[in-house]
Each structure stands twice: as C-alpha cells, then as structure tokens.
Q: 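Below are the structure tokens for one structure; questions will follow.
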Amino acid sequence: MVNNVGAERAYLDHAATTLLRPAAREALLEASATPGNPSSTHATGRRARAVLDDALESISEQLGVPRSWLIMTSGGTEADNLAIRGAATGILAADPSRTAVAVAATDHPAVVATARSLAPALEARMLPVDGQGMLRSEGVEAALADGAVGLLSAALVNNETGAMQDPAALAAQARPHGTIVHTDAVQALGHGAALGHGADLGHGAALGHGSAGAFPFWSWDDVDLMTLSGHKIGAPVGVGALVAKPDVPFGPVSTGGGQQREVRSGTLDLALAAAFAAALRETLSDRDQEIRRLRALAERLRRGIHEIDPTARFTLAEDTPRSAHIVHVVFPGAHSDSLLFLLDERGIDASAGSACSAGVTQASPVLAAMGIDDATARGALRLSLGWTSTDHDVDLLLRALPDTLEKARAVGALLG
Amino acid sequence: MKVLAAMSGGVDSAVAAARAAEAGHEVVGVHMALSKNRDQTRSGSRGCCTVEDASDARRAADRIGIPYYVWDLSDDFHDLVVEDFLSEYAAGRTPNPCVRCNERIKFATLMDRARLLGFDAVCTGHYASIRTDGPDGAPSLHRSRNMAKDQSYVLAVMGPDAVGRSLFPLGEYETKEEVRAEARARGLGVSTKPDSYDICFVADGDTQGFLERNLGASPGEILDADGSVIGSHQGTHGFTIGQRKGLGIQHPAADGAPRYVVDIDPSSRQVVVGAAELLSTRELIATDVISFEPLSVGREVRAQIRAHGEATPARLLEVPTDATVPATTADSAAAGATADSAATGAAATGAAATGATATGAAATGAGTDPDAPTADSSLRVSLETPIRGVAPGQTLVLYDGDRVIAAATLERRA
C-alpha cells in the first residue's frame with residue numbers, strides 16, 4: 001500500500017505534503033510510458049502532446065478556467081516566483097509608475113522572500129494582519145493608496161495557521177487602484193477553501209464550507225493569478241501550476257524555449273501533468289463531503305486537546321475563517337522541538353509549522369506578524385489533516401498527548 | 001538503555017553512535033545546532049557546525065539505522081560558551097571554550113534535556129574511558145588507552161554524576177586509524193573527514209580578529225618587568241600569559257633574551273612582559289573545584305593545565321572544605337542560572353545532581369542537594385617541577401594515575 005505511513009503511526013502533517021493518491025500514481029506511471037517531446041511536430045511528438053493536452057484540459061476544466069490560463073510549473077514555489085517576480089516586473093515595464101508590490105506579512109517565504117528580492121527596482125510592502133492573521137483592510141488601503149502597487153499577493157489559506165483571506169474583499173480594494181491580485185492557494189485547494197462550487201464551477205466559486213458558514217464568495221473576476229501545488233493534493237512533488245489571466249504582463253523570469261506563453265520555458269512533463277489532473281479530479285470530486293469530514297476530525301482534535309490541557313491556546317478563534325485541515329495550537333511552557341520529538345517517538349508525525357533551517361527553529365514570521373510573542377510561539381504545534389486522515393489518527397494523538405506535554409514542559413522549564 | 005548519541009557530523013561521534021547501537025542500546029542521534037546562522041558548507045579545518053556537517057550526521061544516522069534530530073542549543077551555547085569566552089578574555093584570562101562547552105552544554109543542557117525526555121545516557125565520540133574500578137566502585141573517568149587522543153582533560157568538568165550517565169565507546173583502545181577503518185567498514189561516509197582543530201564559533205579561524213570585533217579596541221601600555229613602558233597595544237584581549245610572538249616591541253631586552261607575557265591586568269589595561277623564568281611556577285591556585293572523590297591535604301597527584309600538556313607530579317596543599325560554599329567568580333554565577341533551574345526541574349525526580357555537578361560550585365550554591373560534590377573556592381597544589389605559562393582561566397585537572405580526581409579553574413599565581 002502506498003498511501004499509508006503504517007498502522008501504528010498517525011500522519012498529521014498533510015500541510016507539509018499529503019500522501020500520494022493511488023489514482024495519481026497510476027496516471028503518472030501510465031503517462032510516463034508515452035514517448036516523445038510534446039513540442040515535436042512528428043507523430044510521436046503529437047501523440048505526446050495529446051496526452052499532455054488531455055491532462056491540461058482536465059485541470060483547466062476542473063478549475064473552471066480556459067486552458068490558456070494554465071502555466072504548469074515544478075511546484076508552488078516556482079509558481080509564486082513566476083507570479084511575484086514575473087508579473088511585478090512585467091507590470092513595471094508596462095507602467096513605470098508601478099514601483100511596488102504588496103504582500104501579506106504572513107505569506108509563505110516563496111512569496112515574501114521573492115517580493116523582498118525585487119529591491120531596489122521594486123519596493124516590497126508588507127500588508128499587516130490582525131491577531132487572527134486576517135488582513136487589515138485599512139492596512140491594505142494604506143499600502144495601495146498612492147497607486148504604486150502593481151501587484152498584491154495574499155495566500156488564500158495560511159500554511160501555518162490555516163487562516164483564510166477573502167479574495168473578493170481584496171479585489172474590491174485592489175481594483176480601483178488598478179492593482180493585479182495574486183493568491184497562493186497551495187493550502188486552500190481541496191482542504192477547506194474549495195475552488196469552484198457545484199454547477200457554477202469557476203463562476204460562483206465558494207471559499208470553504210462547513211461550520212462557520214460565513215465564508216465570502218469569490219470568483220475568477222477577483223483573482224488574476226493563483227498558485228497551486230500538486231503534492232498538497234496527492235499528486236507527486238515536482239508539479240504545480242500558476243493560473244494566470246491572459247492580460248497579466250510578465251517580465252522575463254524563465255527564459256528559454258518559451259513553451260508556455262513565453263512566460264515559462266522548459267519541456268513539459270506530461271506524466272506529472274497527468275498525475276496532477278488525476279489528483280485534482282479526486283480532490284474536487286467529493287470536496288464538500290471531504291471538507292465536512294475534515295472539519296469534524298479537526299473539531300475532535302480541538303475538543304480532545306482542550307480536555308487534556310485547558311491551557312492550550314488555539315491560535316484561530318472559532319469565528320475566524322479557517323481551513324478545515326489545519327489545527328494550530330500553542331502549549332504554554334512547552335517547546336515545539338521537544339513536543340515534536342516526543343510525538344514522533346510515540347508514532348505521531350506533526351510539525352511546528354514554521355520554517356526550519358537544518359534543524360534550527362526560526363521564530364515564525366507568521367506568528368510574529370500576528371503579534372504573538374517569541375516565547376509563546378515556541379510552544380506552537382501544527383496538526384494538519386488530509387485525505388487519509390481518520391479517527392484513529394486523532395485517537396493516537398490524543399492518547400500520546402498527556403505524557404508528551406508533561407515531559408515537554410519539564411524541558412521547557414529547564415530551558416526557560 | 002535509551003541512549004542519546006551526540007553526533008557532530010564527524011567520524012568519531014558517528015562510530016561511537018554505531019557502537020552504542022550495536023551494543024544493544026536504543027540509540028537516537030542528535031546533532032546540536034550551536035549557531036543560528038550556520039554556514040551552508042564546510043571550509044578550512046573545521047569539522048562541525050555547518051549545515052553540511054548536520055547532513056553528514058544525518059546520513060551517518062541513516063546508515064546506522066537510528067532516528068536523528070537536530071536540537072537547537074544555539075541560545076545556551078551563545079550565552080554560556082561564546083559570551084564566557086569573550087568575558088574571560090576581557091578579564092585578562094585564558095578560557096578553553098571546548099571545556100566550557102562540555103561543562104555547560106554537552107554534559108549539562110544536552111544531558112538534562114535528554115534525561116527529561118527519557119534518555120538514560122549520552123554517548124559521544126570523546127576519547128576517554130569510563131571504568132568502575134575506582135575506590136568505591138562507582139563509574140570513574142579515565143584517560144583513553146590511546147594517550148595521543150586522550151580527551152579526559154576537557155571532559156573532567158563534566159563531574160562525577162555525568163560520568164555515570166555517559167558512554168564513550170572510543171575510549172578503550174582506539175587509534176584514529178582504527179576508528180576511520182571501522183567507519184569505512186560500516187559504510188559511514190564520514191570516514192575520511194578531516195579532524196577539526198579550530199574553535200568552532202570562530203568561523204575563519206582568526207581568534208584575534210574575533211576578539212577584536214566583539215570586544216573592540218582598548219589601547220594600553222606594555223611594561224617591562226621593572227615597570228618601564230616599552231610599548232603599546234590595542235587591547236589586553238590580544239595577549240595570553242606565556243605569549244612570545246606578536247608583542248610588537250621595537251627594542252630587544254638588555255640581555256637579548258626573549259620576552260614573554262607574564263602578566264595581564266585588564267583594569268589598568270597593562271600587559272607585562274619579562275624573561276622566561278618569570279613564567280615558571282611551583283604552585284597552582286584554583287577555584288570552582290569539581291571533585292570526583294574526596295580530596296585530602298598531602299595527597300600525591302598529577303596536575304595537568306593544558307589539553308595537550310603533560311601531567312606534572314604534584315601534592316595537594318589545600319583542598320576544598322565546605323561543600324555548600326557558593327562560588328564567587330562571575331562566570332560560575334552565570335552558569336548558576338542554568339544549574340539552578342536544572343536542579344529545580346529535577347528535584348521532583350531526585351536527580352538534581354546532573355546540573356549541579358556539571359556546573360560545580362555554582363549549582364551547589366542552591367543548597368538543594370546535600371550529596372553534591374565537594375566544592376569550594378580554594379584548591380592549592382605544589383608542583384614537583386616548575387611549569388611555565390600558567391594562565392588564569394585555564395582548567396586544572398588532577399589525576400591519580402589515569403583516573404581523573406578533580407577539575408578546577410586556575411586563578412592568578414600566588
């Protein structure tokens with residue numbers, strides 16, 4: 001069985017990567033037997049192109065966008081780079097007054113670091129968030145007011161906390177300033193912030209469903225650029241996509257053969273595209289039911305954690321728009337690395353959520369932007385669910401937690 | 001036993017971890033990240049501390065078949081080792097950061113944390129032996145069989161309780177060649193990695209430059225032994241007792257004999273130079289005593305003051321008397337903060353000794369552990385033959401044959 005970490009382990013780190021879906025694996029294997037380069041004009045190349053086009057059509061149909069909007073990439077990071085670096089420089093070239101990009105302070109490093117790297121040609125403006133990680137509209141307004149921001153970016157679902165932004169509201173603020181809107185939807189796809197909505201696929205798309213019921217609706221009218229990643233939905237690592245409307249100008253980032261709209265060069269991997277299409281199909285086919293299922297599991301996790309440790313602080317409040325699959329919790333007095341070590345030993349795969357360079361835990365910029373102090377952030381734990389998650393996973397975590405917390409707090413007391 | 005194997009990414013700790021696993025222990029590999037901003041790749045003669053070293057350690061753990069983690073101990077390392085290194089130099093003393101790291105990080109923070117996480121022992125690639133043939137049958141620390149590699153000197157500050165919670169699988173008979181051969185045979189990719197010599201946190205190996213950058217310039221005078229000014233300097237931290245080169249004195253001594261640094265006084269920013277004879281001493285005074293067994297006046301021992309020095313026959317003139325007298329030096333007080341919290345955390349389990357012992361007198365100052373080792377501010381030793389270059393801040397280790405019986409920090413000469 002390829003889709004299990006083992007009966008005695010609970011994989012609660014789907015936000016890092018989820019498990020490969022068998023359908024995606026089959027599609028990958030089958031398509032990888034296809035010979036030829038899809039760009040070749042001979043019969044073998046044309047057959048390869050047809051396999052690739054089948055995959056691209058499937059993806060674009062499921063997303064509710066024309067196939068020409070789709071730019072396949074090696075993953076979310078490349079798509080973010082293309083969006084931020086490519087579009088921001090393209091917009092600047094088209095309009096020299098657009099000398100800034102604005103990104104949510106809580107966005108993934110693929111967005112924030114890319115925006116910062118554009119200096120001195122472009123100024124990176126950080127959009128402030130509130131204590132729940134939601135963009136402050138007055139902060140967005142302030143950043144856009146002078147008309148210099150050509151591109152605004154905010155993740156649909158935050159990769160650490162699961163907080164959801166509202167693209168419709170952002171678009172409403174951005175449009176009057178002529179600002180292009182990008183959203184990194186890597187964590188959103190299938191995990192609670194769904195793309196598309198029933199028969200209205202692509203035109204009345206809803207952000208998430210389930211308990212809160214208050215999620216704003218958005219449509220492709222609101223978003224010009226969107227980043228997607230394969231391995232968060234059960235496709236292999238190494239494939240992602242940037243959905244880009246045709247009127248978004250791009251500067252030269254990925255130069256070469258110009259295979260995809262002259263925006264992204266390089267031979268397309270039809271096998272990965274086929275696997276991505278298969279994973280997306282499964283992800284979206286039972287989306288509503290799956291989101292309800294994950295919300296129920298997450299709720300069990302929260303309730304169970306609260307019963308074991310009433311001092312545990314859930315980072316997002318119940319009425320904060322949040323994805324179904326992430327439970328972010330802080331245990332006062334316990335250090336994340338001890339928690340993770342002890343949980344690992346007890347068969348639980350979890351994460352602190354924040355970036356980590358060769359084991360040295362960096363203070364989380366996401367939590368810092370939310371005004372959570374360093375000492376508190378040290379006790380953070382991110383539990384994330386996915387398509388293989390079951391009640392059994394939740395049971396294992398809750399069974400391991402009391403002893404884990406006691407020991408991790410003893411270490412926390414030692415380290416101060 | 002459940003054993004935490006500290007893995008630097010070097011060949012010694014990798015082979016030590018492999019041996020511990022082979023001996024049937026439940027071993028987990030841990031690489032200590034000691035800096036927040038580590039270089040990505042190794043350069044020069046350094047053998048640890050880069051991201052590349054961490055991945056070497058990870059691959060060794062994979063090969064051995066043990067779990068592997070990186071623990072971020074960079075805050076403690078900075079506060080307790082790097083800051084100590086700087087403040088000791090600023091105070092005109094000569095610290096050994098590897099000793100401090102063993103005392104305050106490996107056999108204190110790391111060991112305490114390991115114990116709280118359920119480990120019974122810490123395993124390292126040090127060359128030293130743990131035997132139970134001492135007077136009371138308790139585990140005692142000995143020189144390694146291979147004297148050329150012996151690291152008992154830098155380990156002595158770990159104290160007796162930590163010895164009982166440690167494994168040094170390389171201590172019994174190894175030559176480095178044997179260890180490398182074993183690493184090769186086990187398929188450990190680190191078998192050909194060069195040994196490291198430099199101070200790990202001085203990235204470019206330029207210790208003087210590191211001190212200058214961190215302590216700044218503080219010009220002062222260089223005096224002859226009779227008190228006349230014969231030169232100037234940019235900071236007393238640029239000098240070590242016994243130093244001959246780089247004094248920057250224009251005129252040779254009247255008798256033409258080489259001159260050495262014989263005294264450093266940071267408060268007046270004066271460096272005193274003089275003839276080699278002035279460096280000789282027959283008596284050592286040390287504080288922050290960590291004893292492995294009862295010490296008695298008149299006992300014949302051997303005294304060692306350098307990691308790679310000889311041990312000199314010596315006799316104890318004065319020994320610590322009161323186990324609960326707190327240390328008075330600033331650096332032990334700094335360690336006390338950690339040791340106290342360690343003792344607090346461990347009190348419930350009745351195992352306060354690890355933190356208390358490793359930090360010596362400072363920890364016993366908390367007065368929570370009546371079984372803590374003897375510690376006082378005064379150990380005095382007479383030497384059979386005079387030795388040169390005794391610098392305050394250096395570690396004094398006393399041996400009975402090959403067995404470590406005490407460690408302490410040298411003070412100014414009498």
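What you see is a predicted model, and the numbers here were worked out from it, not measured in a lab.
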Q: Compare all side-chain heavy atoms of B/V30 with those of A/F341 and state whether any distance is below 4.5 angstrom.
A: no

Q: Which distance, rounded to the nearest 0.5 Å, do you find between the CG of A/D337 and the CG of B/L117?
A: 9.0 Å

Q: Are more than 12 heavy atoms from other residues, nucleotides or ligands located less than 6.0 Å from atom CG of A/D391?
A: yes

Q: Got A/E345 and B/P67 here, is their nearest side-chain heavy-atom distance under 4.5 Å?
A: no

Q: More than 12 heavy atoms of other residues, nucleotides or ligands under 6.0 Å from CZ of A/R302: yes or no?
A: yes

Q: Give me the atom names and distance for the closest heavy-atom approach of A/L414 to B/D112.
A: CD2-CB, 3.5 Å

Q: Checking A/A115 now: which residues fulfil side-chain contact (heavy atoms from CB on, under 4.5 Å) with it, not counting sequence neighbours?
A: A/I84, A/V101, A/V103, A/A124

Q: Using distance alone, with no hydrogens and no angle criterion, decide if B/Y69 and A/D344 have a side-chain donor and acceptor under 3.5 Å apart.
A: yes

Q: Answer yes or no: are there more than 12 heavy-atom neighbours, outside A/R346 itself, under 6.0 Å from its atom CZ?
A: yes

Q: Between A/K407 and B/L116, is there a side-chain heavy-atom distance shorter than 4.5 Å?
A: no

